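Each ligand, and each atom within it, is numbered from 1 in the order the structure gives. Just so we're clear, the structure is a prediction, and the values are computed from it rather than from any experiment.
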Amino acid sequence: MKTMPPVARRTEYIKPFYVMDLLAKARALEAQGRSVIHMEIGEPDFITPEPIIQAGQAALAAGRTHYTPSLGLPELRQAIADWYAKRYGVSVDAARIIITPGSSGALQLTMSALINPGEGVLMADPGYPCNRHFVRLVEGVPLSIPVGPGTAYQLNAELVEQAWTPKTKAVMVASPSNPTGTLLDIEELGRIGAIAGERGGALIVDEIYHGLTYEDQAQTALSVCDDAFIINSFSKFFGMTGWRLGWLVAPEPYVDALDRLAQNIFLAAPTLSQHAALAAFSEASLAILEERRQEFARRRNYLLAALRELGFVFAVEPQGAFYLYADCSALTDDSFRFAEELLEQAGVAVTPGLDFGANQPERHVRFAYTTDLNNLQEGVDRIRAFLDRR
Ligand SMILES: Cc1ncc(COP(=O)(O)O)c(C=O)c1O
């Protein structure tokens, strides 16, 4: 009798997003004619700015359908280097910039180039769930450090110093963070980089939500730690999630290994997307993106105040991304059930804390303001009515 080989053990560690179940339920409700307000979606509701779409269409019309070099289109790598100079006043050699299929590709490359089996990567909990999985995929050990409002839900030098062991290879942070939207102070980031450096480890900084900050503009970690691995993407600020395009800024000595990994893992990032992204830094695109940033700011301000009135607690004001990570412990002791009931009884979808780690997930839910103000207002009305009925 024929038997199939078992699925590889490493897949046991790769968890699904719980919110996907919720999303499936939301879709089923919508198919029955129920209306659902989506506050769980982690991508901008806006479509890609028109100048970028036009550049993509022009590239397609011109037959630009072949592979690019594995490290990416030289013009795009240079355009990103110019962006660092213009936006942050930081000089980066384009030779250190690697174009990847989304920042997901950059994360996979970074872990593959840095982490040996058994080596640890420090990261904040709550945090972006895929990070643990990228570490697992290369047989490394994700070392989650619980963080809370006391450190704005971010790691700091003290926490990193305490947690570092001889087996630790890297520390990874995201600023602004998903799910909390909080920034890591740039001086503190410099101190974390220094600790990693003193111990022969690396600092990995996910800057994917740069551009989406509502008070101060975020500064790149490169300004305080030139040998950090910087992860970024065209997905969020540039509104290009479906184009699958991101980048990595790596220290020069790693570029050769990263090039070989890129050649073998994905060969090159999508060609059309790279041509389209050349238009992302144009004045016309940046003007559209600035309007959208202001719209996100209006949504954030509205939703933060409205949710506070309903009894959700935000001990730290999120400064960026498009998320609000709410302490809902005054309203429920089981955020997962709360999210399910909110969907079924009120038609509002949010992400339960469980998706972001093991640090008090039962007391948290994440709201995404990736839907317009009318929808957010309707969502808040529904949540209010739901809470009143309980
Ligand atoms: C913190 C963070 N990093 C990376 C990613 C991956 O995004 P992409 O592969 O679209 O660049 C996401 C997506 O939600 C994210 O929230």
Expected list for residues 265-273: side-chain donor-acceptor pairs under 3.5 angstrom, two or more places apart:
{"from": "T271", "atom 1": "OG1", "to": "H66", "atom 2": "O", "distance (Å)": "2.4"}
{"from": "S273", "atom 1": "OG", "to": "W243", "atom 2": "O", "distance (Å)": "2.8"}

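- Using cut-offs of 30° and 60° on the angle between ring planes, the pair F322 and Y369 is perpendicular.
- K15 meets the side-chain hydrogen bond (donor to acceptor under 3.5 Å, both in side chains) test with no other residue; sequence neighbours excluded.
- Within the structure, every pair that satisfies the side chain to side chain donor-acceptor pair (under 3.5 Å) test and touches residues 245-265, not counting sequence neighbours, is listed here: Y84-W247, D256-R260, D259-Q263.
- Within 4.0 Å of ligand 1, heavy atoms belong to protein residues G102, S103, S104, Y128, N178, D206, I208, Y209, S233, S235, K236, R244.
- In this structure, the separation between CG on N178 and OH on Y325 is 10.0 Å, given to the nearest 0.5 Å.
- Looking at Y128 and H133, their side chains never bring a donor and an acceptor atom within 3.5 Å of each other.
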